[in-house]
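Below is one structure, written out as structure tokens; comments come after it.
One-based numbering, in listed order, for ligands and for the atoms of each. Everything numeric in this text was worked out from a predicted model, so none of it was measured.
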Amino acid sequence: MISYPVSFVGLPIGNREDVTRRALAVLEEADCVCCEDTRNTGRLLAHYGISKPLLSLHEHNERERCAEVAQRAEAGEKFAVVTDAGMPGVSDPGYRLVHELQERGVGYTVLPGPCAAVTALVGSGLPSDAFFFGGFLPVKSGKRRRVLEDALQAGCTSIFYESPYRISATLAELAQLQPDARACVARELTKLHETFHRGTVAELAADFAKKNYKGEMVLLIAARKEPRKPLA
Ligand code: SAM
């Protein structure tokens, strides 16, 4: 196996079996694992029978840690970089470290793994030939409304991460803007209660207003127009 100074490693988004053999080998080989929450990652690594020194790297210390990791990698330590779920850098810390490594000419690679946005897209049944990923929806109402209006006008499926505490209000807002837009809420992907809630935004808003659905969620909104034809 080719070994890089720093490896960004995709990990499961729920089901612990969704890990690649290469991910386990790289974690096994690393001198240190950078992670968001050392307790979460410690538990996951223990499940795989791996014990490593852990270094926290999260949104509050990312800038300082980037320099430290790059320097230590230059000096010969091997790092694996993971986050609490899925792909590092996707609505998670990662890109600043990639940038730092590029600037310093330190070698790195990315091990692909599960990503909630892509998993939700495939399971949603909405057109998947082209899509827009907007990360977490803004919390402030004015900005959120503008983002939702743009999504309804977009020429492709739009994907957002949304909190279970706000999903009901977001669907109600969407229903006011365009009740017949098709949408999907993908909930608890890869876990025991995985569900794809599909329908018009008016139907979904009514359902989510009645039932207090919990868990992790991805919101997908279909394009108003037919998607462009996939390449032959
Ligand atoms: N890096 C991750 C990825 O590759 O998807 C995303 C991390 S982001 C901090 C966490 C958000 O992703 C959650 O709030 C939820 O919107 C979505 N998410 C993560 N795991 C999920 C799951 N199993 N089912 C549904 N959504 C999930």
Output, in order, the C-alpha distance, side-chain angles, deciding distance and verdict of side chain to side chain contact (heavy atoms under 4.5 Å, CB included) for V147 and F160.
CA-CA 10 Å; V147 171; F160 299 100; 3.5 Å; yes
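- Between A186 and ligand 1, not a single N/O pair is under 3.5 Å apart.
- Dense packing is recorded around CD of E64, with more than 12 heavy atoms of other residues, nucleotides or ligands lying under 6.0 Å away.
- Interface of F136 with ligand 1, defined as ligand atoms under 4.0 Å from a residue heavy atom, comprises 8 (S), 9 (C), 10 (C), 11 (C), 14 (O).
- For ligand 1, none of its N or O atoms has an N or O atom of G86 under 3.5 Å away.
- Less than 4.0 angstrom separates some heavy atom of E162 from each of these atoms of ligand 1: 16 (O).
- Atom 3 (C) of ligand 1 has Y161 OH, 3.6 Å as its closest protein atom, hydrogens excluded (heavy atom only).
- Atom-to-atom distance recorded for L189:CG and T119:OG1 is 6.0 Å, nearest 0.5 angstrom.
- H99 NE2: 12 or fewer foreign heavy atoms inside a 6.0 Å radius.
- No N or O atom of G14 sits closer than 3.5 Å to an N or O atom of ligand 1.
- What sits closest to atom 22 (C) of ligand 1 on the protein, heavy atoms only, is L189 N, 3.6 Å.
- Contacts between C115 and ligand 1, counted as non-hydrogen atom pairs separated by less than 4.0 Å, involve both the backbone and the side chain.
- A salt bridge links E173 with R145; the closest basic N to acidic carboxylate O contact falls under 4.0 Å.
- Between E68 and R65, at least one side-chain nitrogen of the basic residue sits less than 4.0 Å from a carboxylate oxygen of the acidic one, meeting the salt-bridge criterion.
- Residue-to-ligand polar distances place M217 within reach of ligand 1: an N/O pair is separated by less than 3.5 Å.
- Annotation: Y4 is not in aromatic contact with Y108 [ring centroid separation under 6.0 Å not met].
- In this structure, P5 and A73 approach most closely via the heavy-atom pair CB-CB, 4.2 Å.
- Distance from atom 23 (N) of ligand 1 to its nearest protein heavy atom, with residue and atom name: I13 O, 2.8 Å.
- The shortest contact between atom 26 (N) of ligand 1 and any protein heavy atom is with V218 CG2, 3.4 Å.
- The neighbour count for K191 NZ, taken as heavy atoms of other residues, nucleotides or ligands under 6.0 Å away, is above 12.
- Annotation: R63, atom CZ; neighbour count of heavy atoms from other residues, nucleotides and ligands within 6.0 Å does not exceed 12.
- With respect to atom 18 (N) of ligand 1, the closest heavy atom belonging to the protein is A116 CB, 3.5 Å.
- Here the rule is side chain to side chain contact (heavy atoms under 4.5 Å, CB included) with E188, and of K214, E216, M217 only E216 fits it.
- E216 OE2, 3.7 Å is the protein heavy atom nearest to atom 13 (C) of ligand 1.
- Only side-chain heavy atoms of D92 come within less than 4.0 Å of ligand 1; its backbone N, CA, C and O stay farther off.
- For a threshold of 3.5 Å applied to N or O pairs, the pair formed by A117 and ligand 1 contains no separation below that value.
- Close contacts between ligand 1 and E188 involve ligand atoms 24 (N), 25 (C) [criterion: under 4.0 Å to a heavy atom].
- Interface atoms of ligand 1 facing K191, defined by a heavy-atom separation under 4.0 Å, are 23 (N).
- Within a 6.0 Å radius of CZ in F131, no more than 12 heavy atoms belonging to other residues, nucleotides or ligands are found.
- A85 O, 3.1 Å is the protein heavy atom nearest to atom 2 (C) of ligand 1.
- Atom 4 (O) of ligand 1 has M87 N, 2.9 Å as its closest protein atom, hydrogens excluded (heavy atom only).
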